[in-house]
**Q** 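One structure follows; several queries about it will come next.
As the structure is a prediction and not an experimental result, all values here were calculated from the model.
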Amino acid sequence: MASLTRKARRREAYSMKLEIDSFSGYRIYPSKGKLFVRGDSKVFRFASSKNASLFLQRKNPRKIAWTVVYRKMHKKGITEEVAKKRSRKTVKHQRGIVGADLATIAARRNQTAAVRTQQRLAAITKAKTEKKEKEVKKAKPQRPVAASGPKVSKQQMKGGKAGR
């Protein structure tokens, strides 16, 4: 019973609770390392006195080359773990815009500049003629001027004393 089989030892090895070093990111095995509790009750675990010392000196682990954080930031040692992801090329699709389907868009694109200018001028002249017609219609229905007699103020019309 004292000697465990290989499988049992392996299973036991997996069930260990491994902690992570707060500074370096290294694994801390059971019964190893130091625990530091700050005044605000935040817990920090360190694998070695070197890590604890650097932490207490307020060193930035992102600037220290052997820490896990530094290595992740500078993409060290990950080439064998993760293969490069293939990026898909974007495929362009033509879609119609509201009020114009693909056929009209293609037709407009294939037009020459001269045809466009002719269409623009035709549209401008059409708009101008419509505007003139509207102005003519507005000008016609004016009220005829009433027979002008002596001008009477509102006060006089009401029978006021003004003007006597």
Side-chain angles (χ1 to χ4, degrees), residues 14 17-28 36 38-48 50-164:
Y14 286 124
K17 175 75 171 117
L18 294 180
E19 302 291 344
I20 303 287
D21 189 311
S22 299
F23 185 80
S24 66
Y26 289 174
R27 288 181 299 236
I28 304 173
F36 172 70
R38 201 162 55 188
D40 62 350
S41 301
K42 183 147 173 39
V43 176
F44 298 94
R45 298 174 189 277
F46 303 110
S48 66
K50 173 184 174 182
N51 297 342
S53 172
L54 289 167
F55 175 81
L56 292 171
Q57 291 173 49
R58 298 187 180 277
K59 298 288 184 190
N60 189 349
R62 290 178 198 87
K63 292 184 179 178
I64 296 174
W66 51 267
T67 60
V68 172
V69 183
Y70 177 93
R71 293 180 65 78
K72 277 185 183 171
M73 272 181 59
H74 294 85
K75 297 183 172 78
K76 305 287 181 188
I78 56 170
T79 52
E80 59 208 16
E81 291 175 22
V82 181
K84 281 194 174 180
K85 293 178 184 176
R86 290 183 196 161
S87 60
R88 288 186 176 184
K89 288 192 174 183
T90 55
V91 181
K92 288 189 178 180
H93 291 286
Q94 284 288 322
R95 287 190 287 186
I97 305 168
V98 177
D101 59 330
L102 276 174
T104 56
I105 292 171
R108 287 249 175 95
R109 189 176 289 154
N110 295 332
Q111 280 180 349
T112 60
V115 173
R116 275 199 212 112
T117 52
Q118 283 180 340
Q119 285 179 342
R120 191 178 300 120
L121 290 172
I124 290 169
T125 53
K126 183 181 174 186
K128 283 182 180 178
T129 54
E130 286 177 1
K131 191 175 181 182
K132 282 182 183 177
E133 287 173 7
K134 279 187 179 179
E135 286 177 5
V136 170
K137 284 181 182 176
K138 279 186 180 178
K140 280 186 180 177
Q142 286 182 350
R143 286 189 288 150
V145 179
S148 61
K151 289 191 176 180
V152 182
S153 69
K154 282 188 180 178
Q155 198 71 27
Q156 287 175 332
M157 290 178 79
K158 288 181 182 176
K161 295 180 182 173
R164 282 192 185 166

**Q** Identify, with sequence neighbours excluded, every residue that meets side-chain hydrogen bond (donor to acceptor under 3.5 Å, both in side chains) alongside Arg62.
**A**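 In terms of side-chain hydrogen bond (donor to acceptor under 3.5 Å, both in side chains), with neighbours along the sequence ignored, Arg62 is linked to Asn60.
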
**Q** Excluding sequence neighbours, so at least two apart, what forms side-chain hydrogen bond (donor to acceptor under 3.5 Å, both in side chains) with Gln57?
**A**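 If we apply the side-chain hydrogen bond (donor to acceptor under 3.5 Å, both in side chains) test to Gln57, skipping adjacent residues, the hits are Ser53.
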
**Q** Show which side-chain atoms of residues 64-71 pair as donor or acceptor with protein atoms under 3.5 Å away, not counting sequence neighbours.
**A**
residue: Thr67; atom: OG1; partner: Pro61; partner atom: O; Å: 2.6
residue: Thr67; atom: OG1; partner: Ile64; partner atom: O; Å: 2.9
residue: Thr67; atom: OG1; partner: Tyr70; partner atom: N; Å: 3.4

**Q** Distance from Gln156 atom CD to Lys151 atom NZ, nearest 0.5 Å?
**A**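 The CD atom of Gln156 sits 12.5 Å away from the NZ atom of Lys151.
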
**Q** Show your working on side-chain contact (heavy atoms from CB on, under 4.5 Å) between Lys134 and Lys138 and close with a plain yes or no.
**A** CA-CA 6 Å; Lys134 279 187 179 179; Lys138 279 186 180 178; 5.6 Å; no

**Q** Does any part of the side chain of Phe23, heavy atoms only, come nearer than 4.5 Å to the side chain of Lys59, both counted from C-beta?
**A**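 They are in contact (side-chain heavy atoms under 4.5 Å apart), so the answer is yes.
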
**Q** Keeping to residues at least two apart or across chains, list the side chain to side chain donor-acceptor pair (under 3.5 Å) pairs with something in residues 102-130.
**A**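 The answer is Asp101-Thr104.
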
**Q** Tell me whether Asn51 contacts the main-chain N or O of Phe46 through its side chain, where contact means a donor paired with an acceptor under 3.5 Å.
**A**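 Between the backbone of Phe46 and the side chain of Asn51 there is no qualifying donor-acceptor contact (under 3.5 Å).
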
**Q** Roughly how far, to the nearest 0.5 Å, is the CZ atom of Arg45 from the CG atom of Asp21?
**A**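 Going from the CG atom of Asp21 to the CZ atom of Arg45 covers 10.5 Å.
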
**Q** For Phe44, what residues pass the ring pair (Phe, Tyr, Trp, His ring centres under 6.0 Å) criterion, not counting sequence neighbours?
**A**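 Partners of Phe44 under the ring pair (Phe, Tyr, Trp, His ring centres under 6.0 Å) test: Phe55.
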
**Q** Can you sort out the partners of Asp40 under side-chain hydrogen bond (donor to acceptor under 3.5 Å, both in side chains), two or more places apart, ordered by chain and number?
**A**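 In terms of side-chain hydrogen bond (donor to acceptor under 3.5 Å, both in side chains), with neighbours along the sequence ignored, Asp40 is linked to Arg38.
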
**Q** Distance from Ile28 atom CD1 to Ser22 atom OG, nearest 0.5 Å?
**A**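 The OG atom of Ser22 is 6.5 Å from CD1 of Ile28, to the nearest 0.5 Å.
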
